Amino acid sequence: MRLFNDLYTIYGDLLVKKDIEITPGAVRKIRLLGEKHKQVRIPLKNTDIFTDFVNIFKDSRYRTMLAPPVSKKEICAIAANLKIENDLVFEMARMKKNLPYTYNHVLRVAAFTIKLSITYHPKEYDKEIIAHCGFTHDIGKTRIPTEILNKKERLTALERAIIETHPTIGYLLLNYYLKRDRVECSLASLEHHERPDGSGYPNGIKRLRKYARLISAVDVMDALLTKRPYRKKPFSLRATLDYLVKEAQEGRFNMGIVLSLISYARKSKPSLSDIKISKTRRERLPDEIVYEKYK
Ligand SMILES: [Fe+2]
Ligand SMILES: [Fe+2]
């Protein structure tokens with residue numbers, strides 16, 4: 001894997017030159033460089049990110065999905081207590097300014113992945129790590145030219161390839177900003193577009209780590225549910241969940257995670273074993289162009 005542009009930290013320090021092959025040795029060097037850099041963590045509740053996070057619960061589109069039995073209080077408490085690196089607070093502020101779509105997307109992904117970590121195999125997930133992964137998984141997008149991210153027309157092969165470097169960029173930045181105890185967060189950023197059938201990117205790996213598995217399904221759900229520069233009308237919740245079920249049946253998402261999301265969408269909040277998947281689809285599924293572009 002190579003990058004199309006030189007990669008800099010938020011302070012303007014060069015991390016990786018473009019066109020250089022990114023080897024494990026190069027990643028190790030970045031980590032060592034990051035260790036020399038003083039890293040301060042502050043509670044998320046003391047940042048603007050938390051204020052914006054709480055506001056997403058006011059969005060009527062997500063009211064049913066974020067309704068109890070898991071309370072807003074419980075989800076917000078996990079986010080509030082997350083200690084986030086000061087550097088990443090600056091990175092997120094930059095994302096909010098330059099990529100408001102992406103910024104609001106990561107806040108919602110964080111809310112849903114925190115909720116999943118409570119209801120879906122709760123003992124398996126470290127709550128602080130999953131919250132961190134939600135907020136930071138797309139940090140690499142801040143280094144992708146906005147003209148490409150905001151383009152309304154179909155992407156060229158080169159533009160697509162540039163967008164597809166964002167998980168690698170996220171991985172490299174997080175290797176620099178995070179200490180060893182948060183290695184799962186940088187790996188979740190690297191793997192959040194991978195798929196268990198090998199059809200994902202950047203590496204086409206089939207064994208995703210558990211945090212990336214949660215993020216990947218929520219990531220697509222949110223992408224389809226929201227307006228994007230290239231798609232005026234978002235997909236309905238029904239069409240979105242139909243799509244996730246189809247993807248899970250074909251081996252690209254974990255079915256338990258998708259069933260959990262279906263349970264959130266239903267008023268009765270059924271247990272996963274009580275959910276019946278109907279074979280009829282009420283609406284047209286996302287078409288091929290959307291599939292190619294939402295990533
Ligand atoms: Fe992404
Ligand atoms: Fe994302």
Side-chain angles (χ1 to χ4, degrees), residues 1 3-4 7 49 52-53 56 59 62 65 79 88 91-92 94-96 98-117 129-146 148-151 155 159-175 184-196 199-205 208-209 211-231 234-235 240 243-244 247 252-254 257-258 261 286 290-295:
M1 166 61 84
L3 303 182
F4 292 87
L7 174 62
I49 305 167
D52 296 332
F53 179 76
I56 64 166
D59 189 331
Y62 303 96
M65 294 288 285
L88 289 173
E91 287 278 2
M92 293 285 286
R94 175 160 146 179
M95 182 189 271
K96 182 178 177 179
N98 298 336
L99 302 172
Y101 274 119
T102 307
Y103 179 73
N104 287 308
H105 158 77
V106 300
L107 300 184
R108 289 188 298 267
V109 169
F112 281 108
T113 46
I114 290 172
K115 182 163 176 169
L116 279 169
S117 76
I129 295 290
I130 195 64
H132 198 294
C133 292
F135 287 114
T136 59
H137 75 278
D138 269 338
I139 204 79
K141 285 234 176 114
T142 55
R143 305 307 196 266
I144 306 293
T146 44
I148 299 180
L149 291 175
N150 294 332
K151 192 176 169 189
L155 297 176
E159 289 164 339
R160 232 175 103 78
I162 293 172
I163 285 196
E164 291 187 0
T165 58
H166 84 271
T168 306
I169 295 174
Y171 175 65
L172 297 171
L173 287 173
L174 293 175
N175 262 283
E184 288 289 347
C185 305
S186 46
L187 288 165
S189 183
L190 180 66
E191 294 179 4
H192 76 277
H193 288 288
E194 299 287 5
R195 298 290 180 264
S199 65
Y201 65 86
N203 296 314
I205 58 158
L208 279 72
R209 287 171 179 83
Y211 293 101
R213 267 202 307 268
L214 281 195
I215 299 277
S216 67
V218 174
D219 189 54
V220 171
M221 180 185 80
D222 188 71
L224 295 179
L225 282 175
T226 47
K227 255 182 10 186
R228 290 280 161 127
Y230 47 84
R231 171 169 24 88
F235 282 87
T240 301
Y243 179 76
L244 292 182
E247 289 291 284
R252 285 183 285 281
F253 293 125
N254 175 299
I257 294 170
V258 173
L261 296 172
V290 173
Y291 180 78
E292 280 189 7
K293 291 195 71 170
Y294 70 68
K295 297 171 182 179

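The first residue in the sequence is number 1, and the count goes up from there. Because the structure is predicted, anything quoted here is derived from the model rather than measured. Atom set for the values below is all heavy atoms of this structure, side chains included, hydrogens, waters and symmetry mates excluded. As the structure lists them, so they are numbered: ligands from 1, and atoms in each ligand from 1.
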* To do: Take the Fe ion (ligand 2) as the centre and count protein N, O or S atoms at distances under 2.8 Å.
  => 4

* Asked: Is it true that a side-chain atom of T142 and a backbone atom of I139 form a donor plus acceptor pair closer than 3.5 Å?
  -> yes

* For V218, does its backbone N or O pair with a side-chain atom of D222 as donor and acceptor, under 3.5 Å? -> no

* Decide, yes or no, whether a salt bridge links E91 with R143 under the criterion of side-chain N to carboxylate O below 4.0 Å. => yes

* Asked: Can you name the residues that form a side chain to side chain donor-acceptor pair (under 3.5 Å) with R213, not counting sequence neighbours?
  -> none

* Can you name the residues that form a side chain to side chain donor-acceptor pair (under 3.5 Å) with T136, not counting sequence neighbours? -> H132

* **Which atom of H166 approaches the Fe ion (ligand 1) most closely (N/O/S)** => NE2

* Residues which pass ring pair (Phe, Tyr, Trp, His ring centres under 6.0 Å) with Y211, listed by chain and number, not counting sequence neighbours -> Y125

